[in-house]
2 protein chains.
Amino acid sequence: MAEKQRSYSISELASEFDVTTRSIRFYEDQGLLHPTRRGQTRIYSRQDRVRMKLILRGKRLGFSLAEIRDLFSLWDETPSGSQKQLNLLMEIIHQKRAELDQQLKDIAMVQLELDNAERRCRDALDELRTQKQKAS
Amino acid sequence: MAEKQRSYSISELASEFDVTTRSIRFYEDQGLLHPTRRGQTRIYSRQDRVRMKLILRGKRLGFSLAEIRDLFSLWDETPSGSQKQLNLLMEIIHQKRAELDQQLKDIAMVQLELDNAERRCRDALDELRTQKQKAS
DNA sequence: TTTCCGCTTTACGTTAACGTAAACTTCCTC
DNA sequence: GAGGAAGTTTACGTTAACGTAAAGCGGAAA
């Protein structure tokens, strides 16, 4: 059962996710990615690719790279710390969950406002059409 | 029927929303707020207060101040433009709605990951407790 | 061999969203 | 009328997240 260890070059990842290579190297600099090397050249694994997805997802939610890095250590740190550490982790998890809940509420509100704006916009368009009708 | 036109000072708003006065003046600079003046001093209306809420909500969703300003003009521009303008507005509205939908998906994914992390964390805590039990 | 392509490092530049400090008015109050 | 509290303008500083340019390395193709 040979593992199909597909790997990626930096420009492959860049074009797939539509970011620059500069960004990808920057993420590594910030401790978000840890590609291996063949000589000087960076080699990205499937795991790194998954990381990229997660990074971009975090960014779309307005998280900073530092926060995303913290979430990563939450994620892959096999929880083997002291009880104090573990409780701290639980704390952070609940904190993040609260942020997401707030965002859900915010999104709902903005959606309502968009509904409203769209309705008024549609009304204005209808108004224009009926005026055109009268003119003909 | 005297309108109860409550007004606010800059520091009142600042403490209520837990931002600095510098930020509030900056938002004005960027065209997000338009307080009236008594002499030099800024006077904020209830409408301005509502604006503040919307600004912070937008920020929590990761919008830039420029985007928020655009949403504002979407919002209070009585849709009285040309048909071309109105169609453009509809376009922008749908664009923003798509962004929000994407965020909803992203939030759902991150929530799953948090669930996962919390479970592993809880398991590790249980593990610690049972070990303590054995030791006693 | 040269030349080009993709990758690398190094390093300075840029934008957004404020922070922070200085110097000044206004109004109250002691 | 001296001081303090709260407001103002002006302006330079700061951080995050890259952009951009310069200079160099290694392989392959002409």
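On a predicted model such as this, the values are computed, not experimentally measured, just so you know. In what follows, chains are A, B, ... by sequence order, proteins preceding strands, each numbered from 1.
Between the CG atom of B/L13 and the C1' atom of D/dA6 there is a distance of 15 Å, given to the nearest Å. One atom, OH of A/Y8, and another, P of C/dC7, lie 16 Å apart when rounded to the nearest Å. Atom-to-atom, CZ of B/R37 to P of C/dT26 comes out at 14 Å; the value is rounded to the nearest Å.
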Polar pairs (N or O, both sides) under 3.5 Å between protein and nucleotides 16-18 of chain C?
unit_1: C/dA17; atom_1: OP1; unit_2: B/L65; atom_2: N; d: 2.9
unit_1: C/dC18; atom_1: OP1; unit_2: B/K59; atom_2: NZ; d: 3.0
unit_1: C/dC18; atom_1: OP2; unit_2: B/Y27; atom_2: OH; d: 2.9
unit_1: C/dC18; atom_1: OP2; unit_2: B/K59; atom_2: NZ; d: 2.7

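The salt bridge (Lys or Arg N to Asp or Glu O under 4.0 Å) contacts involving residues 61-73 of chain B comprise B/E67-B/K96, where partners must be two or more places apart or lie in separate chains.
Linking ILVMFWY side-chain heavy atoms closer than 4.5 Å, directly or via other members, places B/M109 and A/L104 in two distinct hydrophobic clusters.
The salt bridge (charged side-chain N to carboxylate O under 4.0 Å, His left out) search around B/R122 returns B/E118, not counting sequence neighbours. Not counting sequence neighbours, B/R119 has no partner by the salt bridge (charged side-chain N to carboxylate O under 4.0 Å, His left out) test. Under the side-chain contact (heavy atoms from CB on, under 4.5 Å) criterion, B/E16 pairs with B/L13, B/R49, not counting sequence neighbours. Partners of A/S45 under the side-chain contact (heavy atoms from CB on, under 4.5 Å) rule, at least two apart in sequence or in another chain, are A/Q47, A/D48. Taking B/D18 as the reference, nothing meets the salt bridge (charged side-chain N to carboxylate O under 4.0 Å, His left out) condition, with sequence neighbours excluded.
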Open item on the list: Base contacts versus sugar-phosphate-only contacts with protein, heavy atoms under 4.0 Å: please encode nucleotides 21-26 of chain D as B, S and - from 5' to 3'.
Closed with: ------

Can I get a per-line list of side-chain donor-acceptor pairs under 3.5 Å for residues 26-41 of chain A, giving both atom names and the distance, sequence neighbours left out?
unit_1: A/E28; atom_1: OE1; unit_2: A/R42; atom_2: NH1; d: 2.7
unit_1: A/T36; atom_1: OG1; unit_2: A/I43; atom_2: O; d: 3.4
unit_1: A/R37; atom_1: NH1; unit_2: A/Q40; atom_2: O; d: 2.8

